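Because the structure is a prediction, the values reported are computed rather than measured.
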Amino acid sequence: MNKAIEIFGNHIYKLTQIHPQKTLKQLSFVYTAAGLQCKYFPSKLLLPARQYMQWAAADAAIKPLRNPKNSAIVSLYLPCEILHAMGIYQMFPEALACYLAAAGSEKIFIETAENNGIPKTLCSYHKAFIGLAESGVLPNPKFIINTSLACDVNHLSFRRVADYCHVPHFMIDVPSQYNKNNLQYVENQLHQMVDFIEENSDFRLDENRLAEVINRSKNTVGNFRRIIELRKDRYLSDEMTSQMLSVFATHIMLGSKEAEKYSADMIKQLSECPKERKGVRLLWVHTLPYWQDALRDLINFTDRCEIVACDMVFDALDVNLDEENPYRYMADRLLRNTVNGKRENRINAVLKYAEKLDADGVVWYCHWGCKQTAGSSAAAKEFLEENGLPTLILDGDGCNSQNVNDGQTVTRMEAFLELLENRK
């Protein structure tokens with residue numbers, strides 16, 4: 001870890017126990033400064049589209065911290081087009097924890113959650129989220145909205161924080177099977193979500209504005225389909241963080257002007273990348289520990305390997321873009337998500353997109369506490385390797401440095417890259 005980041009993390013650890021409100025101000029200042037740096041002094045190694053999205057994602061993360069009464073805490077898979085149309089900012093556990101980890105500041109919040117009775121085995125993203133709230137650092141939002149999709153921890157963390165903050169809470173239940181009745185069931189809940197927001201705030205939904213947001217959402221999904229096509233035969237020197245930016249664009253920020261611009265710019269800039277292969281092409285499954293220096297040094301900006309996609313980017317690209325009803329479109333996207341239902345849905349999608357992207361191998365990342373990913377890892381490895389895709393099951397933590405063994409991680413990753421290189 002960078003020495004300056006380590007010092008800042010130790011400072012936040014001590015400050016939070018004494019002046020949590022000062023902690024919020026200092027974290028907000030650092031994130032704002034980081035966003036401005038991305039905007040005005042971006043990394044020259046990145047595509048301009050990536051440079052833009054680094055700023056846009058940081059800006060989207062800082063707005064709800066500055067304007068909590070105009071914000072909602074949401075889960076990663078919530079269709080946020082409704083919130084975009086109503087002018088409501090969104091904060092979500094994965095982004096909060098990612099930025100904490102990047103600032104070396106997650107430890108105090110994870111400890112706070114564990115000291116308050118949260119098991120050590122729980123997902124670190126959600127422990128950091130709970131700790132942020134219960135340490136007094138996270139400002140109370142207007143309300144909390146989440147789905148039941150994919151993550152079991154959703155049922156605990158969002159309800160717990162809503163009770164702690166004394167704010168209204170709404171949950172969308174997503175059935176595991178795709179059929180007509182379930183589609184209508186989820187669509188009805190999205191209408192109820194609008195009623196919930198209007199009953200608990202002064203926000204009102206303009207259906208014409210929602211139609212504009214949905215149009216941007218569909219454009220963005222269509223653009224990412226094209227990005228997948230372009231990535232099949234083009235080389236791009238990149239970094240792990242870029243995949244997380246795309247996850248934000250295809251989830252919480254979907255429907256925003258920023259996500260649409262990012263995806264459109266990526267098409268133009270990828271089209272200009274060379275049609276060639278350099279090194280090993282990896283498809284990454286689940287979240288990425290982009291803050292982990294040992295992995296960054298091995299993967300970022302090297303001709304040896306490149307991550308061509310993360311499966312969380314394409315988890316809902318098969319949504320029906322011809323659906324004119326905005327609520328039915330959003331419901332369709334939830335039910336079609338590759339992490340919904342049987343584990344085979346996700347595993348088959350990984351194989352499908354690995355073939356589309358001409359990937360050489362798969363890294364199946366088992367983030368600490370994620371039972372959904374870890375529980376299907378053995379079956380995924382067996383199936384993918386039967387279909388000619390070498391697969392590395394890599395244990396780690398997307399946001400907690402205490403759960404990471406750099407030496408072991410690098411050794412296993414190095415061995416996997418050598419295996420793939422020898423197959424070429």
Quick check, are the ring centers of [X] and [Y] under 6.0 angstrom apart?
X      : Y      : value
Tyr327 : His191 : yes
Phe92  : Phe129 : no
Phe196 : Phe143 : yes

*Do the ring planes of Trp284 and Tyr365 sit parallel (below 30°), tilted (30 to 60°) or perpendicular (above 60°)?*
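Geometry flag for Tyr365 against Trp284: tilted rings.
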_Flag if over 12 foreign heavy atoms under 6.0 Å of CD, Glu276_ =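 Counting other residues, nucleotides and ligands, CD of Glu276 exceeds 12 neighbours.
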*Within 6.0 angstrom of Glu386 CD, more than 12 heavy atoms from elsewhere*: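 Yes, enclosed.
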Please round to the nearest 0.5 Å and tell me the distance separating atom [atom1] of [X] and atom [atom2] of [Y].
X      : Y      : atom1 : atom2 : answer
Cys399 : His367 : SG    : NE2   : 5.5 Å
Arg225 : Ile267 : CZ    : CD1   : 12.0 Å
Cys165 : His169 : SG    : NE2   : 11.5 Å
Leu183 : Lys180 : CG    : NZ    : 10.0 Å

Taking the six-membered ring of [Y] as reference, does the cationic atom of [X] (NZ for Lys, CZ for Arg) lie under 6.0 Å from its centre and within 45° of its axis?
X      : Y      : value
Arg346 : Trp364 : yes
Lys127 : Phe109 : no
Arg336 : Tyr178 : yes

_Between the side chains of Asp163 and Arg159, is the shortest nitrogen-to-carboxylate-oxygen separation below 4.0 Å, so that they form an ion pair?_
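Between Asp163 and Arg159 there is no salt bridge, as every charged N stays at least 4.0 Å from the carboxylate O atoms.
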*For the salt bridge (Lys or Arg N to Asp or Glu O under 4.0 Å) test, which of Asp360, Asp233, Asp303 pairs with Arg277?*
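Looking at Asp360, Asp233, Asp303, the match for Arg277 under the salt bridge (Lys or Arg N to Asp or Glu O under 4.0 Å) is Asp360.
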_Sole residue of Arg333, Lys352, Lys356 in salt bridge (Lys or Arg N to Asp or Glu O under 4.0 Å) with Asp318_ =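 The passing option is Lys352.
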